[in-house]
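Presented below is the structure to which this report refers.
We count ligands from 1, going down the list as the structure has it; atoms in each ligand are counted the same way.
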Amino acid sequence: MSPATVICIGMAGSGKTTFMQRLNSHLHAKKEPPYVINLDPAVLKVPYGANIDIRDSIKYKKVMEEYNLGPNGAIVTSLNLFATKIDQVILLVEKRSESFLNVIVDTPGQIECFIWSASGAIITEAFASTFPTIIAYIVDTPRSSSPTTFISNMLYACSILYKTKLPMIIVFNKTDVQSADFAKEWMSDFEVFQEALRHDAEVNDDGTSSGYMNSLVNSMSLMLEEFYSQLDVVGVSAYTGDGFDEFLDAVDHKVDEYNEFYKAERERIIKDKEEEEKARKEKSILKLMKDLDIKGKPVRDEVDVLSDTESVEAGENDGEVARDEDEGPLRVYTFPEDRAGEVTAKTDADLQARYQQAFESTAKTASSLTAESIARYINQ
Ligand SMILES: Nc1nc2c(ncn2[C@@H]2O[C@H](COP(=O)(O)OP(=O)(O)OP(=O)(O)O)[C@@H](O)[C@H]2O)c(=O)[nH]1
C-alpha cells in the first residue's frame, strides 16, 4: 500500500515545525514511525530526525552569498536547486515505502516561496503523482480569533487548495491557548460568523470605519461556504498532543477522498495534457513540412526531384523541374559515355562563368575595402 504523504503548510509562526515534531513522536508512540522530510532550507534547528533534509544538500547561506540574494530569493533558489533532484527523492521514498504508512513534509514559513514558486509546484506534483498526498494547513488559532484575521487566513487556505488541487485538512493549532470551537462554528454556521463580525465592529469601532470592510468580509464568508464544505477541520495542540488522533482520522478520510476523486481527476488531467502535447507536436511537424515545402508528400520522392539542381535557379518553380519548351523529345537515348561528356562540358562552361563572376565581384569588394581602410588610416 502506498504511504500517505502529508505536506504541512502554514504561515510563519503558526507552529508547523512543532506540529511536525509532535506528529512524528505521536506516530512513533503508535509504532508507526513516519518518513520525515524537511524542505525548509532556512531553519536553524530541526527538532525531529529527518530522513531527508534539504539542508544536507543545499546550504542556504551560500546560496544567498553566491547568487547575491535576499532571504526569500534564497529560499526560492534553494527549492529550485532541490527540485532538480526530486525524482531521486521520490525514488528513495518509494524504495523504503514498505516500511512506513506516512510521509510527513515540513515546508518554509514563507508560504508563497513554496506554493507560488515553480519548484514548489514541481515538488508537490512529484509526490501527488506517486503517493496519495494531502495538505495540512496549520493555523495559529489564538491569532485568528478576530473575524477579519480569520477570513484572511481562510482565503489564503482557499487559494492553496485551488493552486495545489489536493485534499486539505485545516489544522487549528495551539488549542492549549484557545479552543478551536469558535472557528468550527464560524465555518459551519454563517449566521454565527455574521454575529461575531457585528460584535467585532461594535467593539473595535473607533469612528473611522466606513462599514465597507464589514460588508466585504460578509460577502467573502458567503463565498467561502463552498470551500468549507470540501475541508476536514481539526483542533490540535502541538504542545500537549491533544487532537492528534482526530488528525490521523482526518488523514485517513482524505486519503480515501484522494483515491476516489482526486486520483481519477489527476489521471484525466495528465491524459488531457499528453493528448494536447501530441497534437501540438503533430501540428509543429506539419508546419515544419510546410515551411520546407514538403507538402506532406513522401520525402524520398521530393529528394529525387530536388536533386536536379543544375536545371533550376534557386526560388524558381517552387523546387520543381520545369522543362524548356524547345527541349525536344521527352526522352532521348544516348550512350552513357556521351551523356557524361555532355554534362561535363555544360557543367564546366557554366562553372567557369560563375567562378569568373564571383572572382570579379570579390576583387571589387576587396579593392574598395582596401581603399576604404587606407583612407581611414590616413585620416587617423
Ligand atoms: N502554546 C502553543 N505554542 C505553540 C504550539 N505550537 C507551536 N507553538 C509555538 O509557536 C511558535 C512558532 O512555532 P514553530 O513550530 O517554530 O512555527 P513554524 O510555523 O514552524 O515557524 P516558521 O518555521 O518560522 O514558519 C514557537 O514559539 C512555538 O513554541 C502549541 O501547540 N501551543
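- Residue pairs satisfying the side chain to side chain donor-acceptor pair (under 3.5 Å) criterion with at least one member in residues 54-70, sequence neighbours excluded, are listed as follows: D53-R55.
- Considering every non-hydrogen atom in both V76 and S119, the closest pair reads O-OG, 4.1 Å.
- Evaluation of the salt bridge (charged side-chain N to carboxylate O under 4.0 Å, His left out) rule for D140 yields R143, K174 as partners, not counting sequence neighbours.
- Judged as a side chain to side chain donor-acceptor pair (under 3.5 Å), the pairs with a partner in residues 238-248 (not counting sequence neighbours) are, in order, H26-D245, S237-T240.
- Closer than 4.0 angstrom to ligand 1 by heavy atom are M11, A12, G13, S14, G15, K16, T17, T18, D40, G109, N173, K174, D176, V177, S237, A238, Y239, sorted by chain and number.
- Here the options are F127, F131, F100, the test is ring pair (Phe, Tyr, Trp, His ring centres under 6.0 Å), and the partner is Y35; only F100 passes.
- A ring-centre distance under 6.0 Å is found for F19 and F244.
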